[in-house]
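Each remark here refers to the structure printed beneath this line.
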Amino acid sequence: MSARTAIVTGGASGIGEAVSRRLAADGALVAIFDLNGEAARDTAASIEKEGGKAVGLAVDVTDRAAVDAGVAEVRARLGRPAILVNNAGLAVVQPSLEVTAEDWNRLLAVNLTGTFSCCQAVLPDMLDEGWGRIVNISSSSVHSGSSRMAAYVAAKSGVVGLTKVLALEFSPKGITVNTIPPGFIDSPMLRDTVERGFVDLEQQTRQTPVGRIGRPEDVAAACAFLVSEEAGYITGQVIGVNGGRNT
Ligand SMILES: NC(=O)c1ccc[n+]([C@@H]2O[C@H](COP(=O)([O-])OP(=O)(O)OC[C@H]3O[C@@H](n4cnc5c(N)ncnc54)[C@H](O)[C@@H]3O)[C@@H](O)[C@H]2O)c1
């Protein structure tokens, strides 16, 4: 990869961290946007220690002004963003009848509206360059549904629809837009749901054809391909990384 500038949201933990590390290893200049600014800076520092180029910024994707300010800072420090990986996400498991309006709005704000805001914020740069790559991280739960995750699955399903719309609008301008819906990936988010008793990892492993839970690096590898030059004919697609559970 030539030295293109990439923004990875939620890049301080789990899947986003693996994506940030992989894109930096492939030669991208990586900006990590995360609610946890300290963790974003630590991850960026660790990438730089390994010879990559990265900056970590405290950006809440639900705050449009903060997103725009973050993108302006990226432009000044790393150049125009050409790659965006919308990975920041929040999962809440609760029975549908207990979901409050506040819970619902928060889940949609982070997982869906945050994704759209980041796309809107970087698309003008991509249009000016006539080249861009957007990868939205959705969830395998959009294939199957997931009991007690109404707001999460609704938001992630929205991400799939949004991806298709943006692909239709922007692919003629050299910008591809795809979504990766991961299956069970070993990250702090998954560990948290396991510890709370919502997910039985042994059972999930048995139900996964490749016979293991996914690693953040599995998603990062797919992402690295989708943002590459040679993936230019792949757009508007849902590319599952789930060990064969959903086809
Ligand atoms: N781990 C899985 O099994 C799995 C499965 C399907 C989908 N996903 C999706 O993958 C993405 C990454 O998940 P993960 O498992 O690595 O989770 P994680 O909790 O380890 O990491 C999520 C990161 O997003 C950041 N974040 C949360 N809200 C934010 C906000 N408003 N603004 C900016 N950053 C914010 C967090 O601080 C954290 O660093 C999420 O979108 C998640 O829904 C994960």
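The structure presented is a predicted model; accordingly, all values stated were derived computationally and were not measured. Every number for a ligand or one of its atoms is a count from 1 in the order of the listing.
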Among Val8, Ile185, Ile137, the residue with a heavy atom nearest to atom 2 (C) of ligand 1 is Ile185
Element-labelled atoms of ligand 1 that are located less than 4.0 Å from some non-hydrogen atom of Asn87:
10 (O), 11 (C), 12 (C), 40 (C), 41 (O)
Tell me the nearest of Met189, Arg106, Glu17 to atom 17 (O) of ligand 1, using heavy-atom distances.
Met189
Subset of ligand 1 atoms that lie under 4.0 Å from at least one heavy atom of Pro188
20 (O)
Working to the nearest 0.5 Å, report the span between CZ of Phe184 and CG of Leu201.
8.0 Å
Any donor-acceptor N/O pair, Thr179 side chain to Val238 backbone, under 3.5 Å
no
With atom 27 (C) of ligand 1 as the reference point, say which of Ser140, Gly10, Gly89 has the nearest heavy atom.
Gly89
Counting non-hydrogen protein atoms only, what is the nearest one to atom 37 (O) of ligand 1? Give residue, atom name and distance.
Asp34 OD1, 2.6 Å
Looking at Val59, which atoms of ligand 1 are within less than 4.0 Å of one of its heavy atoms?
32 (N), 33 (C)
Which of the ligand 1 atoms, numbered from 1, are nearer than 4.0 Å to a heavy atom of Ala88:
24 (O), 33 (C), 34 (N), 35 (C), 41 (O)
Heavy-atom side-chain proximity of Ile32 to Ile47 below 4.5 angstrom
yes
Which of the atoms of ligand 1 are close to Gly14, meaning less than 4.0 Å from one of its heavy atoms?
16 (O), 20 (O)
Between the main-chain N or O of Ile15 and the side-chain N or O of Glu17, is there a donor-acceptor pair closer than 3.5 Å?
no
Is there a heavy atom in Gly183 that sits closer than 4.0 Å to ligand 1?
yes
